[in-house]
There are 2 protein chains.
Amino acid sequence: MLGLLREPHSGYDIKKHFEQSLRNFWQAELSQIYPLLQKMEAEGLVRSRHGASDIGPTKRIYKRAQKGTKELHRWLEEGPIIGKDRISYLAQVYFLADLDDIDKAISYMKSLRDEITKKVAALEIIESNWRSNDTRYPNDLADEEFYPHLTLALGIKRLGATGEWCEDSLRKMQVRRRWTNAKRSQL
Amino acid sequence: MLGLLREPHSGYDIKKHFEQSLRNFWQAELSQIYPLLQKMEAEGLVRSRHGASDIGPTKRIYKRAQKGTKELHRWLEEGPIIGKDRISYLAQVYFLADLDDIDKAISYMKSLRDEITKKVAALEIIESNWRSNDTRYPNDLADEEFYPHLTLALGIKRLGATGEWCEDSLRKMQVRRRWTNAKRSQL
DNA sequence: GATGACATGTAAACTGTTACATGATTTG
DNA sequence: CAAATCATGTAACAGTTTACATGTCATC
């Protein structure tokens with residue numbers, strides 16, 4: 001939130017940012033955003049003023065205060081925060097054996113692959129649009145756009161790797177299915 | 001938790017599992033595990049009995065009930081849960097421009113690369129130990145071990161891709177630094 | 001007998017989601 | 001004027017972490 005509030009934005013605007021550029025690695029609901037903005041204002045990290053909307057009712061526009069910038073920089077200079085990412089679908093994969101049904105496991109993996117494929121395609125469209133709308137993309141972008149580009153690039157790379165893993169896994173699982181069927185027909 | 005409780009375990013044992021094989025995609029504290037076990041028992045998903053420990057005080061041993069197995073299978077058959085993973089360090093990367101200091105940004109990325117390198121090395125050691133202790137690894141493993149192997153393989157693959165992205169990003173950033181310095185010396 | 005690992009829990013604080021509630025403004 | 005979007009919020013619940021509290025058993 002502090003990062004986004006380098007430029008003035010309303011809570012509603014912030015939600016749009018979460019839905020657009022940040023959605024690959026962070027999300028937040030309006031019901032979390034509004035109280036947090038109020039809390040941050042009480043703490044002196046941001047300041048608000050009223051602003052007219054181009055379209056729709058008036059907004060409350062927040063912007064980072066000096067204290068907020070200091071806090072943001074402190075967070076950035078702490079170094080990378082890693083190691084706490086949860087991946088729900090991996091928890092499911094981990095326990096697929098419990099179904100004791102290789103066909104169900106394979107169809108699980110296929111639908112995972114399909115979802116991943118969709119997501120990577122969506123990111124690639126974002127990137128190709130960016131590329132065609134800005135001749136500076138990617139290496140001559142201003143810093144404010146270059147770092148977001150890096151996060152997009154990682155999103156594409158990771159999802160691509162995940163898609164390949166799905167295909168690898170499917171191949172391994174299909175081999176196991178043949179094995180199982182061979183055994184069964186021996187009975 | 002239901003997945004793990006196919007075999008009987010105490011809360012303390014479950015914590016060990018989270019610290020070992022599941023740590024790459026899921027974690028939980030004892031203070032979350034114990035109340036949850038109690039809640040699940042009240043709901044009839046698991047049953048508990050007392051059990052002696054090899055070492056240390058007696059344990060409360062939980063095991064999945066039929067209802068728990070049903071619930072686990074329902075969850076698995078729902079299909080993949082995706083799209084809500086948060087990656088804190090990407091939020092940091094996104095806003096690195098705010099520091100307005102390419103050297104700080106580069107040292108951020110270097111320390112990210114170092115952390116990723118460490119993690120991938122740790123996973124590779126787990127895998128190579130597994131491989132040397134079990135000749136069936138990976139394709140002839142029993143299902144109960146094969147699916148955990150898949151999650152380990154994805155962990156390695158994703159971290160590897162992330163490490164490559166760090167190196168790519170560092171190269172791009174170093175080019176930008178030279179650019180900035182060239183500009184500065186023109187003044 | 002001190003230390004550390006084993007073992008189980010509670011309380012308070014914090015974080016996040018879902019549901020509810022309200023109302024303004026724009027567009028068809 | 002109906003529906004969609006814009007805009008801001010609260011309340012209840014669910015999930016998670018940190019700190020606190022207690023006690024057992026094995027090893028040095």
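Here is how names work: the chains are called A, B, and so on, in the same order as the sequence lines, proteins then strands, and each is numbered from 1.
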What integer distance in Å separates A:L30:CG from C:dG16:C1'?
13 Å
For atom CD1 of B:I33 and atom P of C:dT8, their distance in whole Å
10 Å
Expected list for residues 30-41 of chain A: side-chain donor-acceptor pairs under 3.5 angstrom, two or more places apart:
unit_1 : atom_1 : unit_2 : atom_2 : d
A:E41  : OE1    : A:S48  : OG     : 3.2
A:E41  : OE2    : A:S48  : N      : 3.0
A:E41  : OE2    : A:S48  : OG     : 3.0

Could you give the CZ-to-P distance, from A:R49 to D:dA7, as a whole number of Å?
14 Å
Just compare C:dT17, D:dT8, C:dC6 and give me whichever is closest to any side-chain atom of B:Y12.
C:dC6
CH2 of A:W26 versus P of C:dG16: gap in Å, rounded?
6 Å
When you check the gap from the basic side-chain N to the acidic O, do A:E43 and A:K67 get nearer than 4.0 Å?
no
Nearest-nucleotide wise, let me know which of A:T58 and A:P35 is further upstream toward the 5' end of DNA chain D.
A:T58
Could you please name the option among D:dT8, D:dG15, C:dA5 that lies closest to any side-chain atom of B:Q32?
D:dG15
Check the distance between C:dT18's P and A:Y34's OH and give it to me in whole angstrom.
18 Å
Side chain proximity check, A:R113 to A:W165, heavy atoms < 4.5 angstrom:
no
Indicate, with a heavy-atom threshold strictly under 4.0 Å, whether A:K16 touches base, sugar-phosphate, or nothing.
sugar-phosphate
Between atom OH in A:Y62 and atom P in D:dA7, what is the gap in whole Å?
14 Å
Polar pair under 3.5 Å, donor/acceptor by atom type, side chain B:S31, base D:dT18
yes
Over how many whole Å does the gap from A:R60 atom CZ to D:dC6 atom P extend?
20 Å
Heavy-atom nearest nucleotide on DNA chain C taken for B:R86 and for B:G11; more 5' hit belongs to B:G11
Separation of C:dC6 C1' from B:K59 NZ (nearest whole Å):
8 Å
Please state whether the phosphate of D:dT10, meaning OP1 or OP2, lies under 4.0 angstrom from any side-chain nitrogen or oxygen of A:Q38.
yes
What nucleotide among D:dT17, C:dT8, C:dT15 has an atom nearest to a side-chain atom of A:K39?
C:dT15
State whether A:R64 and B:D98 are salt-bridged, where the test is any N-O pair (Lys NZ or Arg NE/NH1/NH2 against Asp/Glu carboxylate O) under 4.0 Å.
yes
Would you call A:E19 and A:K16 a salt bridge, using N to O less than 4.0 angstrom?
no
